[in-house]
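Take a look at the structure set out below.
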2 protein chains.
Amino acid sequence: MALRNAVMAALLEGEASGYDLAKGFDATVANFWMTTPQQLYRELERMEAEGLVTARVVEQERRPNKRLFSLTEAGREAVRAYTAESPGKPAVIRDELLVKVQCVDVGDTEAVRAAIAERMEWATAKLVRYERLRQRLLDGRSEEAYFAESERIGPYLTLLRGMSFERENLQWGDMALRRLDQRAATLHANG
Amino acid sequence: MALRNAVMAALLEGEASGYDLAKGFDATVANFWMTTPQQLYRELERMEAEGLVTARVVEQERRPNKRLFSLTEAGREAVRAYTAESPGKPAVIRDELLVKVQCVDVGDTEAVRAAIAERMEWATAKLVRYERLRQRLLDGRSEEAYFAESERIGPYLTLLRGMSFERENLQWGDMALRRLDQRAATLHANG
DNA sequence: CTCGTGTACTCAACAAGTTGAATAAGTGTG
DNA sequence: CACACTTATTCAACTTGTTGAGTACACGAG
(Lines give C-alpha, C1' and ligand atoms only; values in the text may rest on other atoms or scores of the structure.)
Protein backbone atom coordinates (compact mmCIF):
# COMPACT_ATOMS: atom_id res chain seq x y z
CA MET A 1 0.00 0.00 0.00
CA ALA A 2 2.93 2.30 -0.55
CA LEU A 3 2.26 3.17 -4.17
CA ARG A 4 -1.14 4.30 -2.98
CA ASN A 5 0.42 6.99 -0.83
CA ALA A 6 2.54 8.24 -3.68
CA VAL A 7 -0.57 8.44 -5.86
CA MET A 8 -2.37 10.45 -3.21
CA ALA A 9 0.61 12.77 -2.93
CA ALA A 10 0.49 13.30 -6.68
CA LEU A 11 -3.25 13.95 -6.65
CA LEU A 12 -2.76 16.75 -4.12
CA GLU A 13 -1.59 18.76 -7.11
CA GLY A 14 -5.01 18.30 -8.65
CA GLU A 15 -6.86 15.99 -11.00
CA ALA A 16 -4.89 13.59 -13.11
CA SER A 17 -5.47 10.67 -15.43
CA GLY A 18 -3.63 7.39 -15.08
CA TYR A 19 -1.68 8.44 -18.11
CA ASP A 20 -0.63 11.73 -16.52
CA LEU A 21 0.58 9.91 -13.45
CA ALA A 22 2.44 7.37 -15.54
CA LYS A 23 4.31 10.07 -17.41
CA GLY A 24 5.61 11.45 -14.18
CA PHE A 25 2.77 13.83 -13.69
CA ASP A 26 4.17 17.00 -12.26
CA ALA A 27 7.60 15.37 -12.26
CA THR A 28 7.74 16.00 -8.53
CA VAL A 29 6.36 12.77 -7.21
CA ALA A 30 7.94 10.83 -10.04
CA ASN A 31 11.20 11.97 -8.51
CA PHE A 32 10.96 9.65 -5.56
CA TRP A 33 8.40 7.16 -6.76
CA MET A 34 8.33 5.86 -10.29
CA THR A 35 6.30 2.95 -11.50
CA THR A 36 4.63 1.51 -14.57
CA PRO A 37 1.29 2.57 -16.10
CA GLN A 38 -0.21 -0.86 -15.45
CA GLN A 39 0.42 -0.63 -11.79
CA LEU A 40 -1.05 2.84 -11.61
CA TYR A 41 -4.26 1.90 -13.41
CA ARG A 42 -4.64 -1.11 -11.16
CA GLU A 43 -4.06 0.92 -8.02
CA LEU A 44 -6.35 3.72 -9.14
CA GLU A 45 -9.17 1.23 -9.64
CA ARG A 46 -8.68 -0.16 -6.18
CA MET A 47 -8.59 3.30 -4.71
CA GLU A 48 -11.76 4.18 -6.53
CA ALA A 49 -13.40 1.03 -5.19
CA GLU A 50 -12.39 2.07 -1.69
CA GLY A 51 -13.66 5.58 -2.18
CA LEU A 52 -10.32 7.36 -1.89
CA VAL A 53 -10.56 8.84 -5.37
CA THR A 54 -13.34 9.63 -7.81
CA ALA A 55 -13.10 9.49 -11.55
CA ARG A 56 -14.66 11.88 -13.99
CA VAL A 57 -14.70 11.01 -17.67
CA VAL A 58 -13.58 13.80 -19.96
CA GLU A 59 -14.62 13.33 -23.55
CA GLN A 60 -12.06 14.59 -25.98
CA GLU A 61 -12.45 15.38 -29.61
CA ARG A 62 -9.41 14.12 -31.39
CA ARG A 63 -8.12 11.63 -28.90
CA PRO A 64 -9.34 8.92 -26.56
CA ASN A 65 -11.51 9.91 -23.64
CA LYS A 66 -9.76 10.04 -20.36
CA ARG A 67 -10.69 9.50 -16.75
CA LEU A 68 -9.48 12.23 -14.46
CA PHE A 69 -9.06 11.14 -10.89
CA SER A 70 -9.20 13.39 -7.88
CA LEU A 71 -8.97 12.82 -4.14
CA THR A 72 -12.22 12.49 -2.22
CA GLU A 73 -12.58 13.76 1.32
CA ALA A 74 -11.88 10.18 2.42
CA GLY A 75 -8.74 10.36 0.34
CA ARG A 76 -7.59 13.54 2.07
CA GLU A 77 -8.30 11.87 5.39
CA ALA A 78 -6.15 8.95 4.26
CA VAL A 79 -3.34 11.42 3.50
CA ARG A 80 -3.54 12.79 7.03
CA ALA A 81 -3.58 9.27 8.46
CA TYR A 82 -0.64 8.22 6.34
CA THR A 83 1.57 11.16 7.24
CA ALA A 84 0.86 10.50 10.90
CA GLU A 85 2.04 6.89 10.64
CA SER A 86 5.21 5.99 12.43
CA PRO A 87 8.21 6.56 10.18
CA GLY A 88 9.52 3.01 9.99
CA LYS A 89 11.89 2.11 7.22
CA PRO A 90 14.61 4.13 5.58
CA ALA A 91 14.40 4.79 1.84
CA VAL A 92 14.62 1.83 -0.49
CA ILE A 93 17.48 2.40 -2.83
CA ARG A 94 18.25 -0.10 -5.50
CA ASP A 95 20.91 1.22 -7.67
CA GLU A 96 22.16 -1.09 -10.38
CA LEU A 97 24.91 1.35 -11.21
CA LEU A 98 26.40 1.06 -7.74
CA VAL A 99 26.24 -2.73 -7.98
CA LYS A 100 28.27 -2.47 -11.16
CA VAL A 101 30.73 -0.07 -9.60
CA GLN A 102 31.12 -2.46 -6.69
CA CYS A 103 32.12 -5.10 -9.24
CA VAL A 104 34.26 -2.83 -11.36
CA ASP A 105 37.57 -4.47 -10.47
CA VAL A 106 36.38 -7.88 -11.60
CA GLY A 107 34.00 -6.82 -14.35
CA ASP A 108 34.21 -4.86 -17.55
CA THR A 109 35.78 -1.57 -16.51
CA GLU A 110 35.07 0.23 -19.76
CA ALA A 111 31.39 -0.67 -19.60
CA VAL A 112 31.16 0.52 -16.02
CA ARG A 113 32.80 3.80 -16.98
CA ALA A 114 30.23 4.18 -19.73
CA ALA A 115 27.44 3.46 -17.26
CA ILE A 116 28.71 6.16 -14.91
CA ALA A 117 28.93 8.61 -17.79
CA GLU A 118 25.38 7.78 -18.81
CA ARG A 119 24.16 8.30 -15.28
CA MET A 120 25.81 11.70 -15.29
CA GLU A 121 24.12 12.70 -18.51
CA TRP A 122 20.83 11.57 -17.08
CA ALA A 123 21.46 13.56 -13.92
CA THR A 124 22.26 16.66 -15.94
CA ALA A 125 19.04 16.35 -17.89
CA LYS A 126 17.07 15.83 -14.72
CA LEU A 127 18.63 18.86 -13.10
CA VAL A 128 17.58 20.99 -16.04
CA ARG A 129 13.99 19.81 -15.69
CA TYR A 130 14.06 20.28 -11.94
CA GLU A 131 15.39 23.79 -12.33
CA ARG A 132 12.61 24.64 -14.75
CA LEU A 133 10.06 23.30 -12.33
CA ARG A 134 11.68 25.26 -9.53
CA GLN A 135 11.46 28.48 -11.49
CA ARG A 136 7.83 27.72 -12.21
CA LEU A 137 7.11 27.23 -8.53
CA LEU A 138 9.03 30.31 -7.49
CA ASP A 139 7.27 32.33 -10.18
CA GLY A 140 9.69 35.22 -9.92
CA ARG A 141 9.90 35.26 -6.15
CA SER A 142 13.00 34.55 -4.12
CA GLU A 143 13.16 31.29 -2.22
CA GLU A 144 12.79 33.26 0.97
CA ALA A 145 9.61 34.87 -0.29
CA TYR A 146 8.30 31.57 -1.58
CA PHE A 147 8.63 29.88 1.79
CA ALA A 148 6.96 32.81 3.47
CA GLU A 149 4.05 33.12 1.04
CA SER A 150 3.18 29.91 -0.69
CA GLU A 151 0.38 27.70 0.50
CA ARG A 152 2.25 24.48 0.01
CA ILE A 153 5.93 24.02 0.66
CA GLY A 154 6.06 20.19 0.55
CA PRO A 155 6.56 19.97 -3.21
CA TYR A 156 9.35 22.52 -3.10
CA LEU A 157 11.13 20.71 -0.28
CA THR A 158 11.04 17.40 -2.13
CA LEU A 159 12.18 19.11 -5.28
CA LEU A 160 15.24 20.44 -3.46
CA ARG A 161 16.03 16.92 -2.27
CA GLY A 162 15.78 15.64 -5.81
CA MET A 163 18.11 18.36 -7.00
CA SER A 164 20.72 17.70 -4.37
CA PHE A 165 20.56 14.02 -5.17
CA GLU A 166 21.31 14.65 -8.82
CA ARG A 167 24.05 17.13 -8.05
CA GLU A 168 25.66 14.49 -5.86
CA ASN A 169 25.37 12.01 -8.70
CA LEU A 170 27.31 14.41 -10.88
CA GLN A 171 30.00 15.16 -8.34
CA TRP A 172 30.47 11.58 -7.37
CA GLY A 173 30.45 10.41 -10.98
CA ASP A 174 33.12 12.93 -11.85
CA MET A 175 35.32 11.77 -9.01
CA ALA A 176 34.74 8.10 -9.79
CA LEU A 177 35.65 8.53 -13.45
CA ARG A 178 38.82 10.37 -12.53
CA ARG A 179 39.81 7.63 -10.10
CA LEU A 180 39.13 4.93 -12.64
CA ASP A 181 41.21 6.81 -15.22
CA GLN A 182 44.02 7.25 -12.78
CA ARG A 183 43.88 3.58 -11.96
CA ALA A 184 43.89 2.52 -15.59
CA ALA A 185 47.00 4.65 -16.09
CA THR A 186 48.73 3.12 -13.05
CA LEU A 187 47.90 -0.43 -14.09
CA HIS A 188 49.23 0.31 -17.55
CA ALA A 189 52.47 1.67 -16.20
CA ASN A 190 53.10 -1.06 -13.62
CA GLY A 191 51.72 -4.02 -15.56
CA MET B 1 17.45 -11.04 -11.71
CA ALA B 2 18.68 -7.88 -10.13
CA LEU B 3 19.03 -9.16 -6.59
CA ARG B 4 21.24 -11.81 -8.06
CA ASN B 5 23.75 -9.21 -9.19
CA ALA B 6 23.83 -7.61 -5.79
CA VAL B 7 24.47 -11.00 -4.23
CA MET B 8 27.34 -11.62 -6.60
CA ALA B 9 28.76 -8.20 -5.79
CA ALA B 10 28.62 -9.07 -2.11
CA LEU B 11 30.27 -12.43 -2.66
CA LEU B 12 33.22 -10.74 -4.34
CA GLU B 13 34.27 -9.87 -0.79
CA GLY B 14 34.51 -13.58 -0.05
CA GLU B 15 32.41 -16.42 1.33
CA ALA B 16 29.22 -15.61 3.14
CA SER B 17 26.20 -17.38 4.55
CA GLY B 18 22.66 -16.32 3.79
CA TYR B 19 22.55 -14.99 7.28
CA ASP B 20 25.65 -12.85 6.75
CA LEU B 21 24.16 -11.39 3.61
CA ALA B 22 20.87 -10.72 5.35
CA LYS B 23 22.54 -8.79 8.13
CA GLY B 24 24.05 -6.45 5.63
CA PHE B 25 27.16 -8.47 5.10
CA ASP B 26 30.04 -6.11 4.75
CA ALA B 27 27.59 -3.23 5.00
CA THR B 28 28.86 -2.09 1.63
CA VAL B 29 26.42 -3.78 -0.67
CA ALA B 30 23.63 -3.40 1.86
CA ASN B 31 24.10 0.27 1.26
CA PHE B 32 22.50 0.22 -2.15
CA TRP B 33 20.63 -3.04 -2.06
CA MET B 34 18.79 -4.24 0.98
CA THR B 35 16.36 -7.11 1.09
CA THR B 36 14.92 -9.74 3.39
CA PRO B 37 16.55 -13.00 4.51
CA GLN B 38 13.83 -15.06 2.81
CA GLN B 39 14.56 -13.57 -0.51
CA LEU B 40 18.28 -14.10 -0.14
CA TYR B 41 17.94 -17.77 0.76
CA ARG B 42 15.61 -18.26 -2.16
CA GLU B 43 17.94 -16.53 -4.58
CA LEU B 44 21.03 -18.32 -3.25
CA GLU B 45 19.36 -21.66 -3.85
CA ARG B 46 18.54 -20.73 -7.40
CA MET B 47 22.05 -19.49 -7.98
CA GLU B 48 23.43 -22.72 -6.60
CA ALA B 49 21.15 -24.68 -8.92
CA GLU B 50 22.49 -22.66 -11.83
CA GLY B 51 26.07 -23.16 -10.76
CA LEU B 52 26.88 -19.51 -10.03
CA VAL B 53 27.72 -20.21 -6.40
CA THR B 54 28.78 -23.24 -4.40
CA ALA B 55 27.91 -23.94 -0.81
CA ARG B 56 30.17 -25.44 1.79
CA VAL B 57 28.68 -26.56 5.09
CA VAL B 58 30.60 -25.39 8.11
CA GLU B 59 29.81 -27.35 11.23
CA GLN B 60 29.81 -25.23 14.32
CA GLU B 61 29.99 -26.33 17.91
CA ARG B 62 27.58 -24.22 19.85
CA ARG B 63 25.38 -22.92 17.10
CA PRO B 64 23.59 -24.16 14.00
CA ASN B 65 25.66 -25.25 11.06
CA LYS B 66 25.88 -22.77 8.30
CA ARG B 67 26.30 -22.90 4.58
CA LEU B 68 28.95 -20.59 3.26
CA PHE B 69 28.46 -19.57 -0.32
CA SER B 70 31.15 -18.49 -2.70
CA LEU B 71 31.23 -17.52 -6.35
CA THR B 72 32.16 -20.21 -8.84
CA GLU B 73 34.10 -19.44 -11.97
CA ALA B 74 30.74 -19.33 -13.77
CA GLY B 75 29.66 -16.80 -11.16
CA ARG B 76 32.65 -14.58 -11.86
CA GLU B 77 31.88 -14.89 -15.53
CA ALA B 78 28.32 -13.77 -14.78
CA VAL B 79 29.72 -10.73 -12.97
CA ARG B 80 31.72 -9.79 -16.05
CA ALA B 81 28.68 -10.29 -18.24
CA TYR B 82 26.50 -8.26 -15.94
CA THR B 83 28.82 -5.28 -15.72
CA ALA B 84 29.05 -5.26 -19.50
CA GLU B 85 25.29 -5.05 -19.88
CA SER B 86 23.90 -1.84 -21.25
CA PRO B 87 23.15 0.59 -18.42
CA GLY B 88 19.41 1.00 -18.85
CA LYS B 89 17.42 2.35 -15.99
CA PRO B 90 18.26 4.99 -13.42
CA ALA B 91 18.28 4.06 -9.74
CA VAL B 92 15.01 3.02 -8.18
CA ILE B 93 14.32 5.30 -5.29
CA ARG B 94 11.25 4.79 -3.21
CA ASP B 95 11.35 7.11 -0.32
CA GLU B 96 8.34 7.12 1.94
CA LEU B 97 9.73 10.09 3.78
CA LEU B 98 9.66 12.23 0.67
CA VAL B 99 6.09 11.15 -0.01
CA LYS B 100 5.19 12.37 3.45
CA VAL B 101 7.05 15.62 2.95
CA GLN B 102 5.21 16.13 -0.31
CA CYS B 103 1.98 15.84 1.69
CA VAL B 104 3.16 17.91 4.63
CA ASP B 105 0.85 20.85 3.99
CA VAL B 106 -2.24 18.67 4.07
CA GLY B 107 -1.08 16.03 6.51
CA ASP B 108 0.13 15.92 10.07
CA THR B 109 2.98 18.42 10.13
CA GLU B 110 4.31 17.41 13.50
CA ALA B 111 4.51 13.76 12.50
CA VAL B 112 6.33 14.67 9.31
CA ARG B 113 8.82 16.76 11.29
CA ALA B 114 9.39 13.77 13.55
CA ALA B 115 9.91 11.55 10.52
CA ILE B 116 12.54 13.93 9.12
CA ALA B 117 14.28 14.02 12.49
CA GLU B 118 14.29 10.26 12.64
CA ARG B 119 15.75 10.04 9.17
CA MET B 120 18.50 12.39 10.27
CA GLU B 121 19.35 10.27 13.28
CA TRP B 122 19.46 7.24 11.07
CA ALA B 123 21.73 9.06 8.62
CA THR B 124 24.05 10.07 11.43
CA ALA B 125 24.32 6.50 12.64
CA LYS B 126 24.93 5.25 9.15
CA LEU B 127 27.65 7.82 8.59
CA VAL B 128 29.42 6.62 11.70
CA ARG B 129 29.38 3.05 10.45
CA TYR B 130 30.49 4.12 6.99
CA GLU B 131 33.35 6.11 8.42
CA ARG B 132 34.50 3.10 10.43
CA LEU B 133 34.37 0.95 7.34
CA ARG B 134 36.26 3.60 5.43
CA GLN B 135 39.03 3.67 8.00
CA ARG B 136 39.20 -0.10 7.86
CA LEU B 137 39.57 -0.02 4.10
CA LEU B 138 42.14 2.76 4.18
CA ASP B 139 44.07 0.93 6.88
CA GLY B 140 46.15 3.96 7.77
CA ARG B 141 46.80 5.03 4.20
CA SER B 142 45.65 8.28 2.66
CA GLU B 143 42.88 8.13 0.12
CA GLU B 144 45.42 8.98 -2.54
CA ALA B 145 47.58 6.04 -1.52
CA TYR B 146 44.59 3.75 -1.31
CA PHE B 147 43.52 4.45 -4.86
CA ALA B 148 47.06 3.94 -6.07
CA GLU B 149 47.73 0.71 -4.21
CA SER B 150 44.62 -1.27 -3.46
CA GLU B 151 43.53 -4.16 -5.62
CA ARG B 152 39.88 -3.24 -5.58
CA ILE B 153 38.54 0.27 -5.64
CA GLY B 154 34.90 -0.52 -6.40
CA PRO B 155 33.83 -0.98 -2.78
CA TYR B 156 35.50 2.28 -1.79
CA LEU B 157 33.81 4.20 -4.58
CA THR B 158 30.37 2.92 -3.61
CA LEU B 159 31.11 3.64 0.01
CA LEU B 160 31.83 7.26 -0.86
CA ARG B 161 28.51 7.47 -2.69
CA GLY B 162 26.73 6.10 0.34
CA MET B 163 28.43 8.66 2.55
CA SER B 164 27.56 11.57 0.34
CA PHE B 165 23.97 10.38 0.21
CA GLU B 166 23.70 10.37 3.98
CA ARG B 167 25.42 13.72 4.31
CA GLU B 168 22.88 15.13 1.88
CA ASN B 169 20.11 13.61 3.97
CA LEU B 170 21.43 15.48 6.96
CA GLN B 171 21.85 18.79 5.20
CA TRP B 172 18.50 18.63 3.51
CA GLY B 173 16.78 17.49 6.69
CA ASP B 174 18.26 20.38 8.58
CA MET B 175 17.05 22.86 6.00
CA ALA B 176 13.61 21.28 5.79
CA LEU B 177 13.10 21.38 9.54
CA ARG B 178 14.13 25.02 9.66
CA ARG B 179 11.72 25.90 6.88
CA LEU B 180 8.89 24.03 8.56
CA ASP B 181 9.63 25.82 11.84
CA GLN B 182 9.69 29.14 10.11
CA ARG B 183 6.42 28.36 8.44
CA ALA B 184 4.77 27.26 11.66
CA ALA B 185 5.83 30.57 13.19
CA THR B 186 4.45 32.57 10.25
CA LEU B 187 1.13 30.73 10.26
CA HIS B 188 0.85 31.32 13.97
CA ALA B 189 1.50 35.03 13.57
CA ASN B 190 -0.77 35.58 10.57
CA GLY B 191 -3.54 33.12 11.49
C1' DC C 1 14.50 -20.95 35.38
C1' DT C 2 12.11 -18.15 32.35
C1' DC C 3 12.58 -14.39 29.06
C1' DG C 4 14.73 -12.06 25.72
C1' DT C 5 18.40 -12.03 22.24
C1' DG C 6 21.46 -13.88 18.70
C1' DT C 7 22.68 -17.49 15.22
C1' DA C 8 20.96 -19.98 11.21
C1' DC C 9 17.59 -21.45 8.37
C1' DT C 10 12.85 -22.92 6.20
C1' DC C 11 7.91 -22.86 4.62
C1' DA C 12 3.79 -20.85 3.00
C1' DA C 13 0.89 -17.23 1.42
C1' DC C 14 0.34 -12.98 -0.36
C1' DA C 15 1.13 -8.21 -2.22
C1' DA C 16 3.76 -5.49 -5.25
C1' DG C 17 6.08 -4.69 -9.36
C1' DT C 18 7.48 -5.98 -14.32
C1' DT C 19 6.95 -7.36 -19.13
C1' DG C 20 4.66 -7.84 -23.35
C1' DA C 21 1.06 -7.19 -26.05
C1' DA C 22 -3.33 -5.26 -27.93
C1' DT C 23 -6.66 -1.56 -29.19
C1' DA C 24 -7.65 2.77 -31.46
C1' DA C 25 -7.28 7.23 -33.35
C1' DG C 26 -4.41 11.48 -34.25
C1' DT C 27 -0.14 14.01 -35.23
C1' DG C 28 4.25 14.98 -37.17
C1' DT C 29 8.60 13.74 -40.26
C1' DG C 30 10.87 12.53 -44.16
C1' DC D 1 1.80 8.30 -47.77
C1' DA D 2 4.11 5.05 -44.96
C1' DC D 3 6.35 4.95 -40.29
C1' DA D 4 7.02 6.26 -35.98
C1' DC D 5 5.34 8.63 -32.04
C1' DT D 6 1.80 10.35 -28.69
C1' DT D 7 -2.50 9.98 -26.14
C1' DA D 8 -5.16 6.77 -23.22
C1' DT D 9 -6.28 2.49 -21.45
C1' DT D 10 -6.79 -2.66 -20.69
C1' DC D 11 -5.62 -7.69 -20.21
C1' DA D 12 -2.82 -11.52 -19.01
C1' DA D 13 1.13 -13.83 -17.27
C1' DC D 14 4.94 -13.58 -14.74
C1' DT D 15 8.79 -12.45 -11.40
C1' DT D 16 10.02 -10.01 -7.19
C1' DG D 17 9.58 -8.66 -2.79
C1' DT D 18 7.12 -8.76 1.82
C1' DT D 19 4.97 -10.67 5.98
C1' DG D 20 4.32 -13.93 9.45
C1' DA D 21 5.29 -17.84 11.52
C1' DG D 22 8.02 -21.78 12.96
C1' DT D 23 12.29 -24.79 14.19
C1' DA D 24 16.31 -25.42 17.03
C1' DC D 25 19.85 -24.49 20.19
C1' DA D 26 22.91 -21.38 23.08
C1' DC D 27 23.83 -17.51 26.05
C1' DG D 28 23.23 -14.07 29.48
C1' DA D 29 20.27 -11.13 32.72
C1' DG D 30 17.28 -10.91 36.26
Side-chain angles (χ1 to χ4, degrees), chain A residues 1-8 10 15-25 29-30 32-50 53 55-70 82 85-86 88-96 99, chain B residues 1-8 10 15-25 29-30 32-50 53 55-69 85-86 88-96 99:
Chain A
M1 304 280 141
L3 171 58
R4 164 163 311 191
N5 301 314
V7 169
M8 294 191 297
E15 285 189 320
S17 65
Y19 190 76
D20 291 331
L21 293 168
K23 273 196 318 177
F25 196 31
V29 179
F32 46 87
W33 212 287
M34 237 318 177
T35 176
T36 54
Q38 288 71 16
Q39 216 187 154
L40 281 167
Y41 285 114
R42 187 161 65 186
E43 192 64 30
L44 283 167
E45 260 181 55
R46 283 185 209 161
M47 291 170 77
E48 194 185 8
E50 293 177 40
V53 298
R56 162 174 95 82
V57 174
V58 175
E59 309 223 350
Q60 294 180 118
E61 303 240 318
R62 318 179 162 277
R63 47 193 60 190
N65 296 347
K66 61 180 168 181
R67 303 179 70 211
L68 286 181
F69 292 89
S70 45
Y82 164 62
E85 271 175 26
S86 67
K89 38 208 163 182
V92 174
I93 300 184
R94 295 205 173 133
D95 196 338
E96 299 226 27
V99 177
Chain B
M1 303 284 138
L3 171 58
R4 164 162 311 192
N5 301 314
V7 168
M8 294 191 297
E15 284 188 321
S17 66
Y19 191 74
D20 291 330
L21 293 169
K23 273 196 317 176
F25 196 32
V29 178
F32 46 86
W33 211 287
M34 238 318 178
T35 177
T36 53
Q38 288 70 16
Q39 213 187 155
L40 281 167
Y41 286 115
R42 187 161 67 186
E43 191 63 31
L44 283 166
E45 260 181 56
R46 284 184 208 161
M47 290 170 78
E48 196 186 5
E50 294 177 40
V53 298
R56 162 174 94 84
V57 175
V58 174
E59 308 222 351
Q60 293 179 120
E61 302 239 320
R62 318 183 161 275
R63 49 192 62 187
N65 296 345
K66 61 178 170 182
R67 304 179 70 210
L68 287 181
F69 293 89
E85 270 173 28
S86 67
K89 39 206 162 184
V92 174
I93 299 186
R94 291 203 177 138
D95 196 337
E96 299 226 25
V99 177

Whole angstrom is fine here: how far is it from [atom1] in [X] over to [atom2] in [N]?
X     : N      : atom1 : atom2 : answer
B:D20 : C:dA8  : CG    : C1'   : 10 Å
A:L44 : D:dA8  : CG    : C1'   : 13 Å
A:L40 : C:dA16 : CG    : C1'   : 12 Å
A:E43 : C:dG17 : CD    : P     : 8 Å
A:K66 : D:dT10 : NZ    : P     : 14 Å
A:N65 : D:dT7  : CG    : C1'   : 12 Å
A:R42 : D:dA13 : CZ    : C1'   : 11 Å

(Q) Quick check: do A:L21 and A:L44 have side-chain heavy atoms less than 4.5 Å from each other? (A) yes
Base, sugar-phosphate, or nothing for [X], non-hydrogen atoms under 4.0 angstrom?
X     : result
A:S17 : sugar-phosphate
A:R67 : sugar-phosphate
B:R46 : sugar-phosphate
B:Q60 : sugar-phosphate

For [N], take OP1 and OP2 only and decide whether either is under 4.0 Å from a side-chain N or O of [X].
X     : N      : value
A:Q39 : C:dA16 : no
B:R94 : C:dG17 : yes
B:Y19 : C:dT7  : yes
B:Y41 : C:dC9  : yes

Q: Look at A:E45 together with A:R42 and state whether they make a salt bridge at an N to O cut-off of under 4.0 Å.
A: no
Q | Salt bridge flag under 4.0 Å for residues B:R67 and B:E48 | A | yes
Q: Establish whether the base of D:dT18 is bridged to the side chain of B:Q38 by a donor-acceptor pair shorter than 3.5 Å.
A: no
Q.
Has B:R94 got a side-chain atom pairing as donor or acceptor with A:M34's backbone, closer than 3.5 angstrom?
A. yes
